[in-house]
Amino acid sequence: MKEGFLIGGGLIVTGLALELSVGPVAWNTFAWPVNGIVLAGFLAIIALLFLLRKKAYAFQFLGTSQAAIPAMIYAVALTVVMGLTRQEPHGSWLSNMLTFWPFVLIYVYIALILGIIILRRLVHLSSWKRDIPFLLNHLGLFLALTTATLGNADMQRVKMITTIGQPEWRALDGDQIKEMPLSIELKKFIMETYPDGSPKRFASEIKILTMTGKHIQTTVDVNKPYEVDGWKIYQYGYDTQMGAESQISILELVSDPWLPLVYSGIYMMLAGAVCMFVTGGRRKRV
């Protein structure tokens, strides 16, 4: 166990050195196809370390609980710090943990350990009642970790200001104007208020025209987005000075192509938990 804590501590020190020398992790450099190549290379490294596990103690150690438990403790500690610290998109160090090298290295280390443990279990399958829930939980966690991390580079989140009667195909990506693969025309802004005049509901009736030739008329409500061609369209804001008479509506458009893989990992973990509950209950009755 001491070796596990030393390795984790070494990764944190290495991460701090990288943070000071090269700055935070630049996820935008991992956009497709780079993240796909990185994932393939990472899987190859896991397979190689597993095949060489009997030739080097260090490789064999990675597949043990003595490596996994300290790594999880470090990860939990850093995640708690993340939860207690205000996170900002352009922050540094603890204020933007997703780009903080120690945080990233610890989670990469956990994914490496998970991969080796999964391969070891696959090679030594014995009882499906015990092995299937284990594999579902660990494969799901591995899939969610790797795809959520690498997919972050391909996620796009932009704001589009639409005006009644005027089709709009440009959106704001931070301070830059971005041309979108679809246009949106605001047909009507809807607002319902409480007796005191505060907003109860606001939504937008919009017309969407896509480059694939789709003509769509729909209503986008708060927390009820509309999805088309990989983009989710959210109701974001409006002209607060005009209120219910607002002639503009601010929409947020989000594209996250790796999200289905992340959800797949989460569903696998849920399925593993259900399997553990069912098989555990059966053993107790026996």
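What you are looking at is a predicted structure, and each value in this text was computed from that prediction instead of being measured.
Remark: aromatic rings of His138 and Phe142 are distant, center separation not under 6.0 Å.
Enclosure of atom CE in Met1 by more than 12 non-hydrogen atoms of other residues, nucleotides or ligands within 6.0 angstrom is indicated. Within a 6.0 Å sphere centred on CE of Met82, heavy atoms belonging to other residues, nucleotides or ligands number more than 12.
Applying the ring pair (Phe, Tyr, Trp, His ring centres under 6.0 Å) test to pairs two or more places apart or on separate chains, those with a residue in residues 152-194 are Phe189-Tyr238.
Under the 4.5 Å side-chain criterion, counting only non-hydrogen atoms from C-beta, Ile208 is in contact with Tyr226.
In the model, Glu185 has no side-chain atom that pairs as donor or acceptor with a side-chain atom of Thr162 under 3.5 Å. Counted by atom type alone, Glu3 and Tyr57 present one or more donor-acceptor pairs between their side chains at under 3.5 Å.
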Fill in: Worked check of side chain to side chain contact (heavy atoms under 4.5 Å, CB included) between Trp101 and Val22
CA-CA 10 Å; Trp101 274 104; Val22 302; 3.8 Å; yes

Exercise for review: May I have the step-by-step check of side chain to side chain contact (heavy atoms under 4.5 Å, CB included) for Lys54 and Gln60, ending in yes or no?
Suggested key: CA-CA 6 Å; Lys54 294 183 179 179; Gln60 188 175 9; 6.0 Å; no

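In summary, Glu205 and Lys187 do not engage in a salt bridge, as defined by a charged side-chain N under 4.0 Å from a carboxylate O.
Closest approach of Gly230 to Glu227, counting heavy atoms only: CA-OE2, 4.5 Å.
Ile69 CD1 to Ile113 CD1: the interatomic distance, rounded to the nearest 0.5 Å, is 10.5 Å.
Taking Lys159 as the reference, Glu252 meet the salt bridge (charged side-chain N to carboxylate O under 4.0 Å, His left out) condition, with sequence neighbours excluded.
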